[in-house]
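Encoded as structure tokens, the structure appears first; notes follow it.
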Amino acid sequence: MKNSTLKYSKVNPKLLVILVFLCVFSIQTSYSQLSIGGSIGFQIPGRQDLKFKQYNNRGVLSQYIKSTYVQSNISTISNLHLTYWEKQFGLRLEYLKWEHNSVAKEFLNNEIPEFNSTEQSRNALYLNVMKRLSLPFIKPTLNSKFDNGYSYFGLGYGVVLTEINRGLQRNIRSGIQLSYGVNFPISKRLRTFAEFKYILTRDADNTSAPVGKTVVDTSGAWTLFRLGPHIDTKYHVIQFGFQWDIFK
């Protein structure tokens, strides 16, 4: 009796591990989805003002030229993401990269700085809370509500690394985004999607500057959903991409 009990106690943990693994795997494949994906598109910047500054050797502002009209170029934006769905709710970890180039065309008080443009490279990492729904104007079946396609909303918060061409080379600030997309199957695991994003990031300002050198501070315009007076640099994004379901 003692030997049989000992033998059973040695085997029992292995059986428990196998049973737990099978249970988790069955729940995972029945109710969850994990996918990797990527997309590319373009971003349309919102209105932005540029402020050209110079400081003397005592750290006092000696020149301040503010723009009244700035032209910001449309540019491409790329995206990589990892998405996890548990039924209709999900989480997405997302990396975005884009360029923001602006040229000041008009200035206050007719003052002219030594240069009139700035280039920004932005890299963002967001964690998004997702909610998916059936496709608009299409009534889903009871057994396959999301298999034939779905739409989704997302709200994300994260950090944005901004590198600028003059003055302070980089800064890291917070940012938020709202997203809406539609997703369609191509094969059993491959899907395609289209997505619209509304991104808000913090202004790219210089916290220090070399003596006698012109630096540029950027400023957005008043907008909805901003978290403060300096988180108002906005981008309107349209992207198209693909994703691969690791399990479903």
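Taking 4.5 Å as the limit, some side-chain heavy atom of Lys131 sits within range of a side-chain heavy atom of Gln88. Under the 4.5 Å side-chain criterion, counting only non-hydrogen atoms from C-beta, Gln120 is in contact with Gln48. Taking the side chain as every heavy atom from C-beta outward, Glu111 and Phe52 never approach each other to under 4.5 Å. Side-chain atoms of Val160 and Tyr126, non-hydrogen and from C-beta on, do get closer than 4.5 Å to each other. Leu125 has its side chain within reach of Leu93: a pair of non-hydrogen atoms, C-beta onward, lies under 4.5 Å apart. In this structure, the side chains of Phe107 and Tyr69 stay at 4.5 Å or more apart for every pair of heavy atoms. Asn79 places none of its side-chain heavy atoms less than 4.5 Å from the side chain of Ile40. You'll find the side chain of Leu135 reaches within 4.5 Å of the side chain of Phe184, heavy atoms only.
One distance of note links CZ of Arg92 with OG1 of Thr83; it measures 3.5 Å at 0.5 Å rounding. We find the OH-CD distance between Tyr198 and Gln177 to be 12.5 Å, quoted to the nearest 0.5 Å. Within the model, atoms CG of Asn183 and CH2 of Trp85 stand 8.5 Å from one another, a figure rounded to the nearest 0.5 Å. We find the OG-NZ distance between Ser62 and Lys53 to be 11.5 Å, quoted to the nearest 0.5 Å. Considering CG of Leu34 and CD1 of Ile246, their distance stands at 4.0 Å, rounded to 0.5 Å. Atom OH in Tyr157 sits 13.0 Å away from atom CG in Asn128 (nearest 0.5 Å).
Hydrophobic clustering (side-chain heavy atoms under 4.5 Å, transitive across Ile, Leu, Val, Met, Phe, Trp, Tyr) keeps Ile199 apart from Ile176. A single hydrophobic cluster is seen to contain both Val159 and Leu161, as judged by linkage of ILVMFWY side chains at heavy-atom distances under 4.5 Å, directly or through other members. Cluster membership check: Phe115 shares its hydrophobic cluster with Val70, using side-chain heavy-atom separations under 4.5 Å among Ile, Leu, Val, Met, Phe, Trp and Tyr. Criterion: ILVMFWY side-chain heavy atoms under 4.5 Å apart, direct or through other members. Under it, Phe196 and Val237 are not part of a common hydrophobic cluster. Linking ILVMFWY residues whenever their side-chain heavy atoms come closer than 4.5 Å, directly or via other members, places Trp244 and Tyr84 in the same cluster.
Partners of Thr76 according to the side chain to side chain contact (heavy atoms under 4.5 Å, CB included) rule, which considers only residues two or more places apart in sequence or in another chain, do not exist here. The ring pair (Phe, Tyr, Trp, His ring centres under 6.0 Å) search around Tyr235 returns Trp98, His100, not counting sequence neighbours.
The main-chain N or O of Leu190 is found under 3.5 Å from a side-chain atom of Ser187 such that the two form a donor-acceptor pair. The closest donor-acceptor contact from the side chain of Asn116 to the backbone of Ala104 lies under 3.5 Å. Using a distance-only test at 3.5 Å, with no hydrogens or angles considered, a donor-acceptor pair links the side chain of Ser67 to the main chain of Leu50. Using modelled atom types, one side-chain atom of Gln239 and one backbone atom of Ile77 make a donor-acceptor pair closer than 3.5 Å. When atom types are taken as modelled, the side chain of Ser151 and the backbone of Ser134 share a donor-acceptor pair closer than 3.5 angstrom. Remark: side-chain polar atoms of Arg189 are paired, donor with acceptor, to backbone N or O of Asp245 under 3.5 angstrom.
Checked against a 6.0 Å centroid threshold, the rings of His81 and Phe193 count as neighbours. A centroid separation of less than 6.0 Å is found between the aromatic rings of Tyr180 and Phe153.
Judged by distance alone, the side chains of Ser75 and Gln43 do bring a donor and an acceptor atom under 3.5 Å apart. Residues Asn123 and Tyr95 have side chains that bring a donor and an acceptor to within less than 3.5 angstrom of each other. Checking Ser102 against Thr118 by side-chain atom types alone, no donor-acceptor pair falls below 3.5 Å.
For the side-chain contact (heavy atoms from CB on, under 4.5 Å) with Leu108, the lone residue among Thr68, Ile65, Asp49 that qualifies is Thr68. Each of Asn171, Thr162, Thr233 was compared with Asp203 under the side chain to side chain donor-acceptor pair (under 3.5 Å) criterion, and only Thr233 meets it.
Phe242 CZ: 12 or fewer foreign heavy atoms inside a 6.0 Å radius.
Looking at every heavy atom in both residues, Lys234 comes nearest to Leu200 through CB-CD2, 3.5 Å. Across all their heavy atoms, Ser35 and Gln243 have their closest contact at OG-NE2, 3.4 Å.
Remark: Glu94 engages Lys197 in a salt bridge, criterion side-chain N to carboxylate O under 4.0 Å. For the pair Glu86 and Arg132, the salt-bridge criterion is not met [side-chain N within less than 4.0 Å of a carboxylate O].
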Q: Output, in order, the C-alpha distance, side-chain angles, deciding distance and verdict of side chain to side chain contact (heavy atoms under 4.5 Å, CB included) for Ser174 and Arg202.
A: CA-CA 7 Å; Ser174 60; Arg202 191 177 176 89; 5.6 Å; no
### Steps toward side chain to side chain contact (heavy atoms under 4.5 Å, CB included) verdict (Val129, Leu91)
CA-CA 5 Å; Val129 178; Leu91 290 173; 4.2 Å; yes
